[in-house]
Amino acid sequence: MATRMDLDGRPIKPMTICMIGAGGFIGSHLCEKLMAETPHKVLALDVYSDKIKHLLEPDSLPWAGRIVFHRLNIKHDSRLEGLIKMADLTINLAAICTPADYNTRPLDTIYSNFIDALPVVKYCSENNKRLIHFSTCEVYGKTIGSFLPKDSPLRKEDTSPCIFGSIEKQRWSYACAKQLIERLIYAEGAENGLDFTIVRPFNWIGPRMDFIPGIDGPSESVPRVLACFSNNLLRREPLKLVDGGESQRTFVYIKDAIEAVLLMIENPDRANGHIFNVGNPNNEVTVRQLAEMMTKVYAKVSGKPSLESPTIDVSSKEFYGEGYDDSDKRIPDMTIINRQLGWNPKTTLWDLLESTLTYQHRTYAEAIKKSMVKPIAS
């Protein structure tokens, strides 16, 4: 493998990465990238390994020995500090990040995203290890930036106010927990010299994302919007638009986003001490427009005509329960990541939806074949 160079033309030394949450959607794609294109080693930590099984066996794989899976839960495993000590860099992807859980499991949400992350930050700081921590675009809360001119300084990552709903709106338990761990990491950097980078993902989409209830996730759970819509399309049910589907979102392809993360990994001088939005402002749609586009894409992918009434409106209370709240617009400002890393996403919304729905249609067909789910009548 040819020597890799950083953005400043310096050779990149092979490193060992402790990746917490390596078995999830983002972790699986990042592990693939690291194995296929770099000489780096990965200590892959997670409770499950299904999404990276193809990277772990057989022993004849070209990267055999460079990725080692450690089955552990960071809540209560004494091995965690030792594994962080063995690595040059720790990447923390572990989280509860499903909106339906913020209302129904607020304690688990707060513990997972704040309390459970505390030892990771502590061990990295005490052992002088670099940390890349995955946060969320939800820390921006009700996004005052959506009401301001595009050139307003309050739209920037490092100056934007973070405004949340009232305490009884438990939907904000996730965002508050994520913001508090960000503040702790920032304080560790300021007071104790922790080298850190914080990543705020804006709706990363692609194969292996989230779950389809009853196929690769619990049947009674509610995944995020794109997986909810995928589930409806696969089962030939109308897509449920919460509160009219008027909220605006952007979506970025997972492979584009992973390119950004690799730049952070291999360019510490440019990434340390920064908070990066990682999204695609060019892929902005309302949730209603997303539903309409997904309906068209899935008709192409599946070869089946769309339903006569492809969507239905539901209230947020009916869909998520009491205590739900939301931001109306969540569009990333890309100033800092453009300046520091020169990164820009490439994949259009149509193309990323086609890739994702093709994968999910195939996964669903395989599940039916294995009798994991009952086929839905056409």
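Only this structure's heavy atoms are used, side chains among them; waters, hydrogens and symmetry mates stay out. The residues of the chain are indexed from 1 along the displayed sequence.
Counting only residues at least two apart or on different chains, no side chain to side chain donor-acceptor pair (under 3.5 Å) pair has a member in residues 56-65. Applying the salt bridge (charged side-chain N to carboxylate O under 4.0 Å, His left out) test to pairs two or more places apart or on separate chains, those with a residue in residues 115-134 are K122-E126. Screening residues 226-275 for ring pair (Phe, Tyr, Trp, His ring centres under 6.0 Å) gives H274-F276 as the qualifying pairs, with residues at least two apart or on separate chains.
One finds the CG atom of L239 at 11.5 Å from the CG atom of D313 (value rounded to the nearest 0.5 Å). In this structure, the separation between CZ on F69 and CD1 on I52 is 5.5 Å, given to the nearest 0.5 Å. The CH2 atom of W343 lies 9.5 Å from the CG atom of L263; values are rounded to the nearest 0.5 Å. One distance of note links CG of L30 with CG of L262; it measures 7.5 Å at 0.5 Å rounding. Separating the OH atom in Y123 from the SG atom in C18 is a distance of 12.0 Å, to the nearest 0.5 Å. For the atom pair CE of M264 and CD1 of I91, the computed distance is 10.0 Å after rounding to the nearest 0.5 Å.
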**Report entry** Pair L233-T295, side-chain contact (heavy atoms from CB on, under 4.5 Å): steps then yes or no
**Finding:** CA-CA 7 Å; L233 290 166; T295 300; 4.2 Å; yes
Requested in this report: Kindly indicate, with the supporting measurements, whether the criterion side-chain contact (heavy atoms from CB on, under 4.5 Å) is fulfilled by I20 and L80.
Outcome: CA-CA 9 Å; I20 301 167; L80 180 61; 4.0 Å; yes
Report task. List the steps and the verdict of side-chain contact (heavy atoms from CB on, under 4.5 Å) for L226 and M294. Result -> CA-CA 9 Å; L226 197 136; M294 287 183 69; 3.9 Å; yes
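A donor-acceptor pair under 3.5 Å is formed between the side chain of W204 and the backbone N or O of V278. Judged by distance alone, the side chain of T136 and the main-chain N or O of V139 form no donor-acceptor pair under 3.5 Å.
The side chain to side chain contact (heavy atoms under 4.5 Å, CB included) test with M19 is passed by exactly one of I132, L34, T90: L34.
The neighbour count for Y186 OH, taken as heavy atoms of other residues, nucleotides or ligands under 6.0 Å away, does not exceed 12.
Taking K300 as the reference, W350, E354 meet the side-chain contact (heavy atoms from CB on, under 4.5 Å) condition, with sequence neighbours excluded. Applying the side-chain contact (heavy atoms from CB on, under 4.5 Å) rule to D8 yields the partners D6, R10, R270; only residues at least two apart in sequence or on another chain are considered. In this structure, the side chain to side chain donor-acceptor pair (under 3.5 Å) partners of T347, at least two apart in sequence or on a different chain, are D256. The salt bridge (Lys or Arg N to Asp or Glu O under 4.0 Å) check on D351 picks up nothing, with sequence neighbours excluded. Residues satisfying the salt bridge (Lys or Arg N to Asp or Glu O under 4.0 Å) test with E292, not counting sequence neighbours, are none. Residues satisfying the side-chain contact (heavy atoms from CB on, under 4.5 Å) criterion with R79, sequence neighbours excluded, are L72, D77, L83. Remark: P106 engages Q170, S173 in a side-chain contact (heavy atoms from CB on, under 4.5 Å) (not counting sequence neighbours).
Using a 4.5 Å heavy-atom threshold, the side chains of N282 and T348 count as separate. Put simply, the side chain of I67 reaches to within 4.5 Å of the side chain of L56, judged on heavy atoms.
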When the side chains of residues 188-196 are checked against the rest of the protein, which donor-acceptor pairs come out under 3.5 Å, sequence neighbours left out?
{"from": "E188", "atom 1": "OE1", "to": "S125", "atom 2": "OG", "distance (Å)": "2.7"}
{"from": "E188", "atom 1": "OE1", "to": "N192", "atom 2": "ND2", "distance (Å)": "2.8"}

Give the table of side-chain donor-acceptor pairs shorter than 3.5 Å for residues 40-49, with sequence neighbours excluded, one pair per line with atom names and distance.
{"from": "H40", "atom 1": "ND1", "to": "M15", "atom 2": "N", "distance (Å)": "3.1"}
{"from": "H40", "atom 1": "NE2", "to": "E266", "atom 2": "OE2", "distance (Å)": "2.8"}
{"from": "D46", "atom 1": "OD2", "to": "G23", "atom 2": "N", "distance (Å)": "2.8"}

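Of all non-hydrogen atoms in S28 and L55, the two that sit nearest each other are O-CD1, 4.2 Å.
Looking at Q360 and S230, their side chains do bring a donor and an acceptor atom within 3.5 Å of each other. Using a 3.5 Å distance cut-off with no hydrogens or angles, the side chains of Y140 and N277 do pair a donor with an acceptor. Between the side chains of R200 and S135, no donor-acceptor pair is found at a separation under 3.5 Å.
Here K51 does not pair with E32 in a salt bridge; the nearest charged N to carboxylate O distance is not below 4.0 Å.
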